[in-house]
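Have a look at the structure below, then the notes.
Keep in mind it's a predicted model, so treat the numbers as computed, not measured.
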Amino acid sequence: ATGLQVEVLGPREGVRLMEQWAAEGLPFAIDWEWEIGSERAIGFSLAQGGSNYYVPVRGGDDDGGNSRSECEKYVHQGFVAALDNGTTIMHNGRADVGTQVPATRGVLAGTVEDTMVLAYLAGEPVLGLKPLTRKLLHRDAIDLPPNLEKQSLHVQAQYAGADSRNTYDL
């Protein structure tokens, strides 16, 4: 997945894409990156068809001057709408939904295809995204860089973009 083309989008563009794909019935992969401990969103990546995107969730200039908290609230609402109205593909979706969907939300109405669950049902002995990527897709998987939130936007986009691309392709 090294050299993967990943387009960086602003939060509103990323949410618009999720809404558009859900409305058109196009399944897409999504992968969230969040800070360990606080579970605050760093960003999320999307893969659909042959396209790959990364959306940093920082607020400020990335989101028309809104604060990081306002930006998080907006993208979380967009994520819930996509989960309710479309087909999303995730790897260990329980973790992403558990950290990025408000606990008060209740049942989600859309379809989630979870590659971890599918690998388990297929009898795979190891369920991690990186080992599955190496075994089933025959690709070199990018390991999580330390302190992802402090890495450059390019490093974040390459790491997250590779995860959603590999999830989509699995």
Short side-chain donor-acceptor distance under 3.5 Å, S51 and Q48: no
Determine yes or no for a side-chain-to-main-chain donor-acceptor pair under 3.5 angstrom, with Y74 supplying the side chain and P11 the backbone. no
Within the structure provided, determine whether D96 and W34 are in side-chain contact (heavy-atom separation under 4.5 Å). yes
Roughly how far apart are L9 CG and R16 CZ, rounded to 0.5 Å? 9.5 Å
Within 6.0 Å of CD in Q20, more than 12 heavy atoms from elsewhere: yes
Are any of the side-chain nitrogens in R139 or D169 under 4.0 Å away from the carboxylate oxygens of its partner? yes
Tell me, with the steps shown, if Y53 and V6 meet side chain to side chain contact (heavy atoms under 4.5 Å, CB included). CA-CA 5 Å; Y53 304 94; V6 180; 5.6 Å; no
Check S38 against E35 and note the closest heavy-atom contact, atom names and distance. OG-OE1, 2.9 Å
When you look at I42 and V57, which way does the side chain to side chain contact (heavy atoms under 4.5 Å, CB included) test go after all the steps? CA-CA 5 Å; I42 297 169; V57 180; over 6 Å; no
Interatomic distance, R165 atom CZ to L137 atom CG [nearest 0.5 angstrom]: 10.0 Å
Measuring from T88:OG1 to I30:CD1, what's the distance to the nearest 0.5 Å? 7.5 Å
Taking side chain as C-beta onward, heavy atoms only, is L136 less than 4.5 Å from E124? yes
Atom pair CG/OH of D143 and Y159 - distance to nearest 0.5 Å: 7.5 Å
Establish whether Y120 and L118 are linked, either directly or via other cluster members, by ILVMFWY side-chain heavy-atom contacts under 4.5 Å. no
Indicate yes or no for a side-chain donor-acceptor contact from N166 to the backbone of T133 under 3.5 Å, with no hydrogens or angles considered. no
Donor-acceptor pair, distance only, cut-off 3.5 Å: does the side chain of E33 make one with the backbone of L148? no
Please determine whether side chain to side chain contact (heavy atoms under 4.5 Å, CB included) holds for the pair E13 and V55, giving the CA-CA distance in whole Å, both sets of side-chain angles, and the decisive distance to 0.1 Å. CA-CA 8 Å; E13 294 170 292; V55 181; over 6 Å; no
Identify the residue among H154, Q156, Q158 that makes a side chain to side chain donor-acceptor pair (under 3.5 Å) with Y54. Q156
Would a single hydrophobic cluster contain both L17 and V112, if residues Ile, Leu, Val, Met, Phe, Trp and Tyr are joined by side-chain heavy-atom contacts under 4.5 Å? yes
With side chains defined as the heavy atoms from C-beta onward, is the minimum distance between L129 and L170 less than 4.5 Å? yes
What pair of heavy atoms forms the shortest contact from A160 to S45, and how long is it? O-OG, 2.7 Å
Least distance between heavy atoms, A29 atom then S164 atom: CB-O, 3.4 Å
Do H91 and D31 have side chains that get closer than 4.5 Å, going by heavy atoms? no
Nearest heavy-atom approach of P27 to I89 is CB-CD1, 4.2 Å
Please test K130 against D163 for salt bridge (Lys or Arg N to Asp or Glu O under 4.0 Å), starting from the C-alpha separation and ending with a verdict. CA-CA 8 Å; K130 308 314 187 255; D163 274 4; 2.8 Å; yes
N52 side chain to G161 main-chain N or O, any donor-acceptor pair under 3.5 Å? no
Heavy-atom pair with the smallest gap, counting every atom of I142 and A162: CD1-CB, 3.8 Å
Among L46, N85, V75, the one residue meeting side-chain contact (heavy atoms from CB on, under 4.5 Å) with M18: L46
For residues M90 and V97, determine if any side-chain heavy atom of one lies less than 4.5 Å from a side-chain heavy atom of the other. yes
Any heavy-atom pair between the side chains of V8 and P56 that's under 4.5 Å? yes
Output for pair (H76 NE2, F44 CZ), nearest 0.5 Å, gives 9.0 Å
Treating E72 as the side-chain partner and R40 as the backbone partner, does any N or O pair qualify as donor plus acceptor under 3.5 Å? no
Please report the shortest heavy-atom distance between Y168 and A47, naming the atom on each side. CD1-O, 3.4 Å
Among the clusters formed by ILVMFWY side chains lying less than 4.5 Å apart, do V80 and V15 turn up in the same one? yes
Please round to the nearest 0.5 Å and tell me the distance separating atom CE of M116 and atom OG1 of T167. 10.0 Å
